[in-house]
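Just below is one structure, and these are the notes that go with it.
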Amino acid sequence: MGGANIADRNIITVLAVDMVGSTRHIAACDPDEAQAFLDQWLDHIRSSVERLGGQIVHYAGDGGIAIFGWPTAYEDHADRACIAAWDIQSHSQSTGPRGDPVNFRVGLHSGLVGLRIGGKNAIARFDVAGATVHVAAKLQQEAAAGEIRVSAETAKLCRSPLELAAHKTTSGIADRVIEAYTLNARPDDVDHNEIASRYQNPIVNRVDELAALRELLPRPGAKSCSVTLLGEPGIGKSRLATAVMTEALTSDVRCCVFYGGVQKRATAFAAARTLVGDMLAANSSSSDEHIREALAELHVEAGDRRKLEALFIAGKASSRQRLTDNTQTQIARALVNAFLALALDRPTLLLIEDLQWIDPESRHFLKLLARASTPQPLCILLTGRPESSDQSMEIADSLIHLQPLSRACMEALGRQLWPKTRSPTVFARAIDRADGVPFVLKSSCARRTRRTQRANIRCLRASSP
């Protein structure tokens, strides 16, 4: 995409993070040791963010800026950002090269931003504009070592209860006063058994597509299968996939999920390694001994175990390596065998969101997994944009193309989202602009709701003595 792309306007949560006293940590190190130290902790930040579906959009020396809620639209983006912030701060009292404790400052703020993907060739870059980023950075700068400072806007958007301590003073940016809190406990995990809570309103239409997917749900005695939902951004792929997963969770079905991302695809086997690593409880902050113990208990061949050990220990902080096709296939097969051993003790639904942002090595893993002999039924459900059609055909048995909703369906959705006091003219204009894309209509409704709330607050303040 080029620089002339029109920016999307979305409500997201921004996370700003910075290591405290990084210069002190590396003052006596030679350049290679200093870079290795910083790389270790930047990888810790990245893993904490990406595990919750966020994206790092900017690195700055010993910290950076991450976003939650775009380009994948999570309605629980504020919750995800709070959990990621806590995980960044949780690193077992680690110390730097001189023995000093490693601490971070984190700031979180939610609000409207302009976003687009830029860059040249295969290198993608996020452009994020708006005061939301500056507020998050300001909160991070004002936080104490080891503190997570959360704006009132982020706290209000969180669906899980938060343990917060209010600040006596507030942060000021330009003419704005930001109410802020300290996060004192880790919020509840994003639980895929509660995945229906991502969408508060019933699904509109998609009756045929939902019926077709229901037939493919894994159940005892059924065959394994793979299917892709293709459609333009915001058309409802994730909404439909969530509805299917919610139904699967009412039975004894294991559900595994991976959310693709532009930056994740730069790392070889990022998706496959995350899926297997989550079940092994192995991540960037896990000790080598913990990973070895988990692999030792895994029922796979010794050769596969060695390949997995090399991937999760020697390669846990590395970017894409130069792999021959033979080596890539061997590693992919080892990951397939590990996934089958860990997950397929019962019927399993594997959801892969945004196939267009899945790394090539993980797509190879998915291709092998889709053709593997499984001890229990496995359904691989992929979502992707139209440009991922060729990639999906290499993996999936069938494709379902989602078309824009009819005007009648969009009006039905609008009646769920908009208050009854809505202006008919404004409502009709919003339906026209959405052009059959549910997410566009929902974003328009959310913006108008926030404007109304701000206007009401101003009226209340003006009428206060």
Side-chain angles (χ1 to χ4, degrees), residues 50-54 71-77 80 189-199 203 206 209-210 212-219 222 224-231 233-261 264-265 269-279 335-336 339-340 342-344 346-359 362-363 365-370 372 374 376-385 388 391-392 394-400 402 439:
E50 292 184 354
R51 196 178 305 121
L52 274 299
T72 301
Y74 302 116
E75 295 197 357
D76 57 353
H77 54 81
R80 291 170 179 270
D189 276 312
V190 175
D191 187 352
H192 296 303
N193 290 328
E194 300 293 335
I195 195 166
S197 66
R198 287 180 60 189
Y199 299 95
I203 192 168
R206 305 300 188 198
E209 296 93 337
L210 191 54
L213 290 173
R214 283 184 180 131
E215 291 296 317
L216 299 175
L217 284 176
R219 55 180 60 88
S224 295
C225 61
S226 51
V227 60
T228 302
L229 294 174
L230 285 180
I235 202 70
K237 303 182 294 294
S238 294
R239 181 68 184 89
L240 188 57
T242 298
V244 173
M245 179 166 283
T246 302
E247 294 194 19
L249 287 166
T250 62
S251 58
D252 186 28
V253 173
R254 182 190 299 277
C255 292
C256 304
V257 185
F258 181 82
Y259 300 98
K264 295 178 188 178
R265 68 179 176 186
F269 292 107
R273 182 159 46 179
T274 298
L275 288 168
V276 174
D278 283 351
M279 287 185 283
L335 286 163
V336 167
F339 184 85
L340 295 177
L342 290 163
L344 269 294
R346 63 179 188 265
T348 298
L349 174 63
L350 171 58
L351 172 60
I352 304 293
E353 290 265 31
D354 291 316
L355 182 62
Q356 70 276 2
W357 291 329
I358 299 297
D359 61 277
S362 290
R363 293 202 305 271
F365 157 81
L366 291 169
K367 180 180 177 180
L368 296 178
L369 183 61
T374 60
Q376 292 284 343
L378 169 66
C379 176
I380 302 175
L381 176 58
L382 313 168
T383 70
R385 297 182 181 181
S388 64
Q391 299 167 355
S392 68
E394 295 178 355
I395 302 168
D397 302 324
S398 58
L399 305 179
I400 297 177
L402 295 188
F439 186 72

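Keep in mind it's a predicted model, so treat the numbers as computed, not measured.
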Which heavy atom of [X] sits nearest to which heavy atom of [Y], and what is that distance?
X    : Y    : result
Q356 : R385 : OE1-N, 3.1 Å
A272 : S362 : N-OG, 3.1 Å
S388 : L230 : OG-CD2, 3.6 Å

Inset, instruction - For A370, enumerate each residue passing the side-chain contact (heavy atoms from CB on, under 4.5 Å) test, keeping only those at least two apart in sequence or located in another chain. - result: S226, I380, I395
Between [X] and [Y] (side chain of the first, backbone of the second, donor and acceptor by atom type, cut-off under 3.5 Å), is there such a pair?
X    : Y    : value
K237 : G231 : yes
R363 : I358 : yes
T228 : T383 : no
T348 : L378 : no

Legend entry - Residues E247 and R214 bridged, charged N to O under 4.0 Å: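 Answer for the salt bridge query: yes.
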Legend entry - 4.5 Å side-chain heavy-atom contact, L381 and M245: no
Inset, instruction - Taking the side chain as every heavy atom from C-beta outward, state whether L275 and I352 have any atom pair closer than 4.5 Å. - result: yes
Inset, instruction - Applying side-chain contact (heavy atoms from CB on, under 4.5 Å) between V227 and each of D397, L213, L399, L382, report the one that passes. - result: L213
